[in-house]
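Let me begin by presenting the structure, written as structure tokens, before commenting on it.
Just so we're clear, the structure is a prediction, and the values are computed from it rather than from any experiment. Reminder, nothing fancy here: chain letters follow the sequence lines and each chain counts from 1.
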There are 2 protein chains.
Amino acid sequence: MSSARVIRPLRADAARNREKILRAAATVFAQRGLDASLDDVAAAADVGVATVYRRFADKESLVMALFESAIDEIAALAVAARGFENSWDGLVWFLEEVLQRQCSDRGLRDVVVGTPYDRDWVSAAKERLGVAVGALLDRAQRDGYLRRDVVVADIAVVEMMISSLGGAAAEVAPDLWRRYLALILDGLAAPGSGSLPAVPADEVVFAALRTPTGARHRPAGT
Amino acid sequence: MSSARVIRPLRADAARNREKILRAAATVFAQRGLDASLDDVAAAADVGVATVYRRFADKESLVMALFESAIDEIAALAVAARGFENSWDGLVWFLEEVLQRQCSDRGLRDVVVGTPYDRDWVSAAKERLGVAVGALLDRAQRDGYLRRDVVVADIAVVEMMISSLGGAAAEVAPDLWRRYLALILDGLAAPGSGSLPAVPADEVVFAALRTPTGARHRPAGT
DNA sequence: AGGATACGGAGGTTATACCTCCACTTACGG
DNA sequence: CCGTAAGTGGAGGTATAACCTCCGTATCCT
């Protein structure tokens, strides 16, 4: 019963195939999002489906292997943004970096937004992200660059709106999202024509935003 | 072969059921969008599926019967908005009215955005809409309320972004979208910190925005 | 009352996705 | 160079879901 199912190194061809699968999954998920089937990934990798399932227990394992680092990287961006001399520039830089990633990779967006593979490893990174973004906002507000009635949740919503647009248009107009980010940034920078109406999104709202329509059918997993 | 399949009035119960179906479809499509199945509509109407199909040839006929007037109404709003004393107020009023409708009715949004029942009767209304919105923008720009680098397509994109958000959050936070509309309006009103980057969306881009992910599977119709 | 009209819901058809089985092939240590 | 453990492909099992139809039964209307 020892957990000593130690690392038996993969056979050469198996290791090669594992890489092929990961590379194929990266491009397939980037283009079509996590809805893409593993059959498609297998085809793109020029490999049988069984090979995919032998290497990755199920779809989620593959997704996790692909995006674990990317998601940590995003959390790190928010921290890095604090290093900017000018707090507004830091915020803008952060948004551009994050959105650049999410708009060119529908799979990443799906993971970040949380549908449907919402798990601990994502939540943990999101926690850190929230704190770091909060710090960015505070500083930009203290410095007078950012309107006072904006909160962290608003940034998350803006990210969702823009990455949704950017992801959909990625193949025909990869830079379209920048136009609308610029527009929203001008809105964020404005002193504001009065304070923003309605309350920002809370956890309940985000849960709803993750679930396109009522209680959507889960993807057969579990 | 004569087209004289004239109006044989429906039997009393049939007419009653037709109304029940339309009412049920209105609420079901409003809540869950056009993805909702006709089986669901039938259940909500407390009627068998066959009854639905006897009254409406197929799903699109039902959708059309439901939304034909709503979509004309939207085009009319843009015209009505020109009647405002203040051109900015007219634009804001128009956006709020349109989004109010689209955010509280996912079905309407689906029809307007165009997935997947894009047809002549919609295009015609969209044509008129585009012209009227263009006039709104021109006036607001001449009056100095609206930044100069905004075009009609930008308004369409903004509507899509916000109605997407609003529709998703409708059940838990029906007014959330107003917050982000306000933010964007401030961005639209701002003189602009430089001109907007990237080119606005064109027809090709909108076509892509209508098609969630590559060539999505059509809904079995046709 | 009786014929035309309408009804319900089971089920045919099609489509898609996840994942497994198993006969065959390949790598590689001795 | 050969035997065997490791690996492979892809057909197909299982599940889900949506659209729409068939047909025995019920309801309306004259």
Please identify each residue that fulfils salt bridge (Lys or Arg N to Asp or Glu O under 4.0 Å) with [X], with sequence neighbours left out.
X      : value
B/D13  : B/R11
B/D202 : none
B/D149 : B/R147

For [X] and [N], what is the distance between atoms [atom1] and [atom2] respectively, to the nearest whole Å?
X     : N      : atom1 : atom2 : value
B/D46 : C/dG8  : CG    : P     : 8 Å
A/D39 : C/dC19 : CG    : P     : 10 Å
A/R16 : C/dT26 : CZ    : P     : 12 Å
B/D35 : D/dA17 : CG    : P     : 13 Å
A/L38 : C/dC19 : CG    : C1'   : 9 Å
A/I21 : D/dG9  : CD1   : C1'   : 12 Å
B/Y53 : C/dA6  : OH    : P     : 19 Å
A/L34 : C/dC18 : CG    : P     : 11 Å

Do any side-chain atoms of residues 154-168 of chain A form donor-acceptor pairs under 3.5 angstrom with protein atoms, and if so which ones, sequence neighbours left out?
| unit_1 | atom_1 | unit_2 | atom_2 | d |
| --- | --- | --- | --- | --- |
| A/D154 | OD1 | B/R179 | NE | 2.8 |
| A/D154 | OD1 | B/Y180 | OH | 2.4 |
| A/D154 | OD2 | A/V151 | N | 2.9 |
| A/D154 | OD2 | B/R179 | NE | 3.4 |
| A/D154 | OD2 | B/R179 | NH2 | 2.8 |
| A/S163 | OG | A/Q102 | OE1 | 3.4 |
| A/S163 | OG | A/R109 | NH1 | 3.0 |
| A/S163 | OG | A/E159 | O | 2.8 |
| A/S163 | OG | A/M160 | O | 3.4 |

Task: Atom pair CG (A/L185) and CG (A/L91), whose distance is rounded to the nearest 0.5 Å - done: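 Interatomic distance, A/L185 CG to A/L91 CG, rounded to 0.5 Å: 7.0 Å.
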Give me, pair by pair, the N or O atoms of the protein and of nucleotides 6-8 of chain D that are less than 3.5 Å apart, along with how far apart they are.
| unit_1 | atom_1 | unit_2 | atom_2 | d |
| --- | --- | --- | --- | --- |
| D/dA6 | OP1 | A/R8 | NH1 | 2.7 |
| D/dA6 | N3 | A/R11 | NH1 | 2.8 |
| D/dG7 | OP1 | A/R11 | N | 3.4 |
| D/dT8 | OP1 | A/N17 | ND2 | 2.4 |
| D/dT8 | OP2 | A/R54 | NH1 | 3.3 |
| D/dT8 | OP2 | A/R55 | NH2 | 3.3 |

Open item on the list: Tell me which pairs pass salt bridge (Lys or Arg N to Asp or Glu O under 4.0 Å) where either residue lies in residues 62-74 of chain B, with sequence neighbours left out.
Closed with: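 For residues 62-74 of chain B, and leaving out neighbouring residues, the salt bridge (Lys or Arg N to Asp or Glu O under 4.0 Å) pairs sorted by first residue read B/D72-B/R128, B/E73-B/R101.
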Open item on the list: Within the 4.0 Å heavy-atom criterion, would you say B/A12 contacts the bases, only the backbone, or no part of the nucleic acid?
Closed with: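 It contacts sugar-phosphate atoms only.
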- [ ] Quick one: label A/D58 by what it contacts on the DNA or RNA (base, sugar-phosphate, nothing), any heavy atom closer than 4.0 Å.
- [x]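 Answer is sugar-phosphate: A/D58 comes under 4.0 Å of backbone atoms only.
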